[in-house]
Amino acid sequence: MNKICSFAVTLLLLLPCLLSAKYMAVLETLAPKDLLTMQERLYLTDILRAQAVYILPAEQNWTIMTRENINVMLPPGKAIEDCEGSCLAETGKNIAADYVAQARISQFGKALAITAEVYETASSKLVASFVGKGENVEDVEKIIKEQAPTFFKKVRNNALNGIGYVSTNNSFSFQGTKKFIVEIQTTPSGAIPTFDGKAFPQCTNTPCKIQLEAGEHRLVISKERFEDLDTLINVNQNEQKIMLNLIPNIGYINISPKIPNNLKNQGSATATINGQKSRWGANEVSPGLYSVLITHSCFNPLELNVMIQKGERTTISDSLVRGIGGLELDVVKNGTPQAVPVFIDGNNVGTTPFAGEVPLCSKIEIENAGKREQIPVEIKYHEVVKKTYELTEKPAATKADETRQKAEVAYAELDGKKVTAKPTEDSSAQKAAEEATENKAKSFWGGIVAGVIYNDFYSSHFGLNNIKNETGYKHTVDSDEDLLSNFWGIGFKAGFGGLFIASPYFGLHGELGLAFRQGTGKTNLTVTLTGKDKTDKKSDLEVEYTASQLNIDIPLLARATIPNAFYIEAGPMISFNVYAKSKSKITNILGTETYEVNGGLNAFEFDIATGLGITRNIGKSILDFNLRMVFGMTRISDSKDSPKTWQGQLNISYWFL
């Protein structure tokens with residue numbers, strides 16, 4: 001029984017070599033002269049013939065006839081273009097070919113259509129065919145490369161239906177296919193590769209490693225915002241590196257219209273691209289035609305169409321044109337109409353009653369008793385606004401008021417206080433100045449603090465390099481650093497704070513608050529176990545690690561302030577963990593295992609914090625906005641490979657006590 005099985009296996013392995021030699025002829029591609037050039041037809045023929053060489057190799061006793069062989073073997077006065085279809089089988093007999101194939105290109109509407117057929121010359125039987133349609137010659141080339149392998153495999157299978165007479169002996173030759181490990185790298189990384197039209201789970205994002213059979217393979221690389229890369233690679237050695245550069249498939253629309261300096265801080269502006277809100281500056285778009293609309297409350301809308309090519313950067317820098325509206329202005333005093341001068345942006349344009357065109361965002365004033373008063377009115381685009389302004393008489397300060405104020409100032413100076421006499425007319429600007437002065441005079445403040453935290457780790461391999469080996473075994477982990485680079489999360493904080501203002505330039509800032517931190521990292525990695533016999537066993541894993549912490553954070557920061565601009569602060573921060581939970585999820589070909597640990601991250605942390613912020617007075621309170629960076633100096637647990645934290649915080653503090 002064993003001898004019979006051995007003979008059967010040997011027969012299957014040697015079967016391609018036992019067949020008699022087969023000849024395949026790929027005839028020139030046919031197409032109307034006004035549709036394709038001679039060079040294009042010859043090139044498409046060479047592509048089809050190259051696929052035949054790949055699928056029907058000489059090692060299996062196939063001979064692919066060259067263009068010169070075919071032309072020499074044709075009978076005198078006979079041309080390949082003289083027949084098609086089943087007539088190709090007769091042409092194949094004339095040139096002594098076992099199989100004959102040919103492609104024909106025709107026009108289908110505005111597209112190119114391809115039909116390819118292969119015949120067995122002995123029986124005139126149609127063995128295989130395929131059809132396709134594309135916009136240009138490059139599309140037709142892609143169709144041939146995609147369909148031709150299956151096309152010629154049917155020829156190979158058809159040839160295996162019969163077995164010729166062979167001589168046998170007792171020799172044995174193994175015909176197995178060699179395999180090699182190939183590393184695929186792209187610039188930029190993160191692209192999706194497919195091999196011979198298939199995706200493999202161990203190589204879903206570049207860079208990655210995959211095991212392939214020796215020989216030529218079709219590699220297609222895809223990445224969003226980049227052109228697909230379609231190429232052939234020749235695998236011929238172990239640890240072979242394939243490095244590819246991807247070409248961007250995007251353009252940019254830079255929105256930067258010109259606005260007069262005197263109106264840059266007035267009104268509001270918006271921009272849309274194809275109806276979607278866009279930003280002021282560079283906007284990344286795919287190649288194509290776009291409708292851009294720029295609106296500003298002080299100017300006419302600007303609308304234009306922009307065609308973007310691949311890699312092109314177009315800047316919209318047109319000068320915006322001031323918009324116009326209408327104004328009807330009347331001034332009355334105690335119900336009686338008044339004729340007073342009218343000024344628009346400082347220019348005298350007439351007297352009231354006034355009716356006329358007015359630029360948007362204009363400053364509109366009247367002159368009353370030698371003084372100018374601004375009219376609170378908003379001009380609307382291409383609309384007429386009607387406004388009636390009432391003149392009022394402000395009571396003059398009495399002699400008694402002035403005497404009382406002077407007395408108050410004199411008594412205050414006797415007490416050692418510096419007091420400025422109040423003007424007879426209060427204004428909002430004066431009140432704001434008084435409140436700001438009062439706030440600056442106060443040294444100690446208390447308030448509440450809240451913020452959003454970006455949480456990340458550094459200086460760790462999450463223990464993947466510290467796994468203990470069994471006696472006689474050694475393990476290695478590839479791509480373990482990817483788990484750290486992919487780890488991040490968003491958290492939040494809230495608490496109380498104190499602020500000591502020693503001078504307008506220096507101060508101290510402390511906080512006591514709860515901070516919830518969290519993060520998740522996910523990666524694919526390969527674990528290699530080397531045994532006592534020096535053999536390697538590899539396992540591809542998907543590892544996902546999640547960590548959550550609730551900490552009490554106490555930062556103590558020194559603050560340096562540039563008045564009316566911004567402040568910087570820096571100092572230490574200590575942190576006590578009150579709750580921690582971590583979860584690891586490991587997936588391989590056998591399934592998924594989940595491991596959870598409660599309290600595994602409990603530790604005391606020492607960090608360094610630094611930040612930049614601004615301060616605003618709100619009545620008798622102060623509002624702080626700051627961006628803070630926190631760098632962990634100690635690890636978040638007792639493990640030697642435990643990570644250190646680094647955070648980005650966006651905080652707001654309200655000082656009111």
Side-chain angles (χ1 to χ4, degrees), residues 5-6 8-19 50-62 64 145-146 148-157 160 171-186 189 191-222 229-244 473-480 482 523-543 587-590:
C5 292
S6 299
V9 171
T10 303
L11 179 62
L12 289 174
L13 292 172
L14 298 179
L15 185 57
C17 301
L18 300 177
L19 297 175
Q51 294 295 324
V53 172
Y54 178 70
I55 301 300
L56 306 173
E59 293 83 0
Q60 297 180 8
N61 284 342
W62 283 94
I64 309 302
K145 289 181 178 179
E146 292 173 355
T150 303
F151 181 73
F152 287 114
K153 284 179 182 178
K154 291 182 179 179
V155 175
R156 185 178 62 191
N157 296 339
L160 291 175
S171 63
F172 174 79
S173 176
F174 178 69
Q175 301 294 324
T177 304
K178 291 184 178 180
K179 295 183 178 180
F180 298 107
I181 297 174
V182 179
E183 182 177 356
I184 308 297
Q185 297 181 358
T186 62
S189 61
I192 302 174
T194 61
F195 304 87
D196 299 323
K198 299 179 181 178
F200 293 85
Q202 64 268 37
C203 190
T204 57
N205 284 282
T206 59
C208 61
K209 292 185 177 181
I210 187 171
Q211 184 172 284
L212 297 173
E213 294 182 355
E216 196 173 68
H217 296 271
R218 182 188 179 197
L219 172 61
V220 178
I221 302 290
S222 301
L229 192 153
D230 191 339
T231 186
L232 294 176
I233 60 173
N234 186 23
V235 178
N236 51 29
Q237 62 181 2
N238 217 20
E239 297 297 334
Q240 183 176 348
K241 289 187 177 181
I242 307 296
M243 292 178 285
L244 303 167
Y473 290 89
K474 179 183 178 182
H475 85 281
T476 58
V477 180
D478 293 336
S479 303
D480 57 303
D482 291 345
T523 188
N524 295 317
L525 51 82
T526 301
V527 178
T528 303
L529 183 65
T530 304
K532 300 177 182 179
D533 55 356
K534 304 301 182 180
T535 59
D536 293 341
K537 294 184 179 180
K538 295 187 176 183
S539 178
D540 294 327
L541 305 176
E542 181 184 84
V543 178
T587 302
N588 59 14
I589 59 174
L590 301 178

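Applying the salt bridge (charged side-chain N to carboxylate O under 4.0 Å, His left out) test to Lys154 and every residue at least two apart in sequence or in another chain returns nothing. For Ser222, the side-chain contact (heavy atoms from CB on, under 4.5 Å) test picks out Val220, Asp228, with sequence neighbours left out. Residues passing the side chain to side chain donor-acceptor pair (under 3.5 Å) test with Glu183 are Gln185, sequence neighbours excluded. For Ser189, there are no side chain to side chain donor-acceptor pair (under 3.5 Å) partners two or more places apart in sequence or in a different chain. Shown here are the ring-ring contact (aromatic ring centres under 6.0 Å, His included) partners of Phe152, two or more places apart in sequence or in another chain: there are none.
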Using residues 193-206 as the side-chain source, report each donor-acceptor pair under 3.5 Å to any protein atom, sequence neighbours left out, with the distance given to one decimal.
residue	atom	partner	partner atom	Å
Asp196	OD1	Arg218	N	2.8
Asp196	OD2	His217	ND1	2.7
Thr206	OG1	Thr186	OG1	2.6
Thr206	OG1	Gly190	N	3.3
Thr206	OG1	Ala191	N	3.0

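A heavy-atom distance below 4.5 Å is not found between the side chains of Lys179 and Leu212. Within the 4.5 Å cutoff, the side chain of Ile221 has no heavy atoms near those of the Ile192 side chain.
The closest donor-acceptor contact from the side chain of Asn238 to the backbone of Ile181 lies under 3.5 Å. The backbone N or O of Asn234 lies less than 3.5 Å from a partner atom in the side chain of Gln240, making a donor-acceptor pair.
Rounding to the nearest 0.5 angstrom, the gap separating the CG atom in Asn236 from the CD atom in Glu216 is 11.5 Å. Atoms CG and OG1, from Leu541 and Thr523 in turn, are 10.5 Å apart once rounded to the nearest 0.5 Å. Rounded to the nearest 0.5 angstrom, Lys153 NZ and Tyr54 OH are separated by 7.5 Å. Here Arg156 contributes atom CZ and Trp62 contributes atom CH2; the two are 9.5 Å apart, rounded to the nearest 0.5 Å. The CG atom of Leu229 lies 7.0 Å from the CG atom of Leu219; values are rounded to the nearest 0.5 Å. A distance of 10.5 Å separates CD in Gln51 from CD in Glu146, rounded to the nearest 0.5 Å.
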For this session: Decide yes or no on side-chain contact (heavy atoms from CB on, under 4.5 Å) for Thr150 and Ile55, but give the supporting numbers first.
Result: CA-CA 9 Å; Thr150 303; Ile55 301 300; over 6 Å; no
For this session: Evaluate side-chain contact (heavy atoms from CB on, under 4.5 Å) for Glu213 paired with Val235, printing each intermediate quantity in order.
Result: CA-CA 7 Å; Glu213 294 182 355; Val235 178; over 6 Å; no
